[in-house]
Amino acid sequence: MPTRGEPRVTTSPPPRGDLFDPNCPTRHLLDRIGDKWTAMAIKVLAQAHPDEVRFADLRRRIPGISSKMLSQTLQALVADGLLTRRVEATVPPAVWYGATPLGLSLDQPLAILRNWAESHMAEIDTHRRTSQAT
């Protein structure tokens, strides 16, 4: 118990976002983590953890992504604290990415979503074809 004059240390939970508040940044975060490139980048880097992966290797492991889109995706994930970025001063510079603990914590929920999508794609495709035929 603090004595007189000593500051009290209180801990409170961090503020929580509100998806239904139009001004809440949670919406932007969900846009980012719901993106197919984010899901793939997190998966590749979580599988490589604790190792880092070079930019060129990431591009090879994520078929169909352009260098520009990969760069934008990685920059956003680094800014959000989900990935780390390390640059080696070589010619040309070698850029490495790794998953942070926060990024690793996102892999499991995304894995559930990826699994759901892969498991139900045929059913969804059937519904799409049926809906387009009417």
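Residue indices begin at 1 and follow the sequence shown. Values below: all heavy atoms of this structure, side chains included; hydrogens, waters and symmetry mates excluded.
Minimum heavy-atom separation, Val53 to Ala48: CG2-CB, 3.5 Å. In plain terms, the two heavy atoms of Arg59 and Ser67 that are nearest each other are NH1-OG, 3.2 Å.
Qualifying ring-ring contact (aromatic ring centres under 6.0 Å, His included) partners for His120, counting only residues two or more places apart in sequence or in other chains: Trp116.
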Report the C-alpha distance between Leu30 and Arg27 in whole Å, list the side-chain angles of each, state the deciding distance to 0.1 Å, and finish with yes or no for side-chain contact (heavy atoms from CB on, under 4.5 Å).
CA-CA 5 Å; Leu30 285 174; Arg27 290 179 178 206; 5.9 Å; no
Go through it in stages, so that I can follow the logic: the residues are Asp80 and Arg32, the test is side-chain contact (heavy atoms from CB on, under 4.5 Å), and I'd like the CA-CA distance, side-chain angles, deciding distance and then a yes or no.
CA-CA 10 Å; Asp80 288 342; Arg32 173 147 19 269; 2.4 Å; yes
Determine, stepwise, if the pair Leu74 / Ser71 fulfils side-chain contact (heavy atoms from CB on, under 4.5 Å).
CA-CA 5 Å; Leu74 295 173; Ser71 179; over 6 Å; no
Could you go step by step and tell me if Asp125 and Arg129 meet the salt bridge (Lys or Arg N to Asp or Glu O under 4.0 Å) rule?
CA-CA 6 Å; Asp125 196 42; Arg129 282 195 308 272; 2.5 Å; yes
Start with the C-alpha gap between Ile42 and Thr38, add the side-chain angles, then the distance that decides, and say whether side-chain contact (heavy atoms from CB on, under 4.5 Å) holds.
CA-CA 6 Å; Ile42 292 291; Thr38 293; 4.2 Å; yes
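A distance of 12.0 Å separates CZ in Arg54 from CZ in Arg61, rounded to the nearest 0.5 Å. Rounding to the nearest 0.5 angstrom, the gap separating the CD atom in Glu123 from the OG1 atom in Thr126 is 7.5 Å. Atom CG of Leu19 is separated from atom CG of Leu29 by 10.5 Å, given to the nearest 0.5 angstrom.
Residues Met40 and Ile65 are members of one and the same hydrophobic cluster, defined by side-chain heavy-atom contacts under 4.5 angstrom among Ile, Leu, Val, Met, Phe, Trp and Tyr. No path of Ile, Leu, Val, Met, Phe, Trp and Tyr side chains, each step under 4.5 Å between heavy atoms, connects Leu104 with Leu102, placing them in separate hydrophobic clusters.
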Let me have the donor-acceptor pairs involving side chains of residues 87-99, under 3.5 Å, with sequence neighbours excluded, atom names and distances please.
unit_1: Glu88; atom_1: OE2; unit_2: Arg86; atom_2: NH1; d: 3.1
unit_1: Glu88; atom_1: OE2; unit_2: Trp96; atom_2: NE1; d: 3.2
unit_1: Thr90; atom_1: OG1; unit_2: Pro92; atom_2: O; d: 2.7
unit_1: Thr90; atom_1: OG1; unit_2: Ala94; atom_2: N; d: 3.3
unit_1: Tyr97; atom_1: OH; unit_2: Arg85; atom_2: NE; d: 3.2

Please list every donor-acceptor pair under 3.5 Å in which a side-chain atom of residues 107-114 meets a protein atom from a residue at least two apart or in another chain.
unit_1: Asp107; atom_1: OD1; unit_2: Arg114; atom_2: NH2; d: 3.2
unit_1: Arg114; atom_1: NH1; unit_2: Ala39; atom_2: O; d: 3.2

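Each of Ile62, Leu77, Leu70 was evaluated against Trp37; a single residue qualifies, Ile62, per the side chain to side chain contact (heavy atoms under 4.5 Å, CB included) test.
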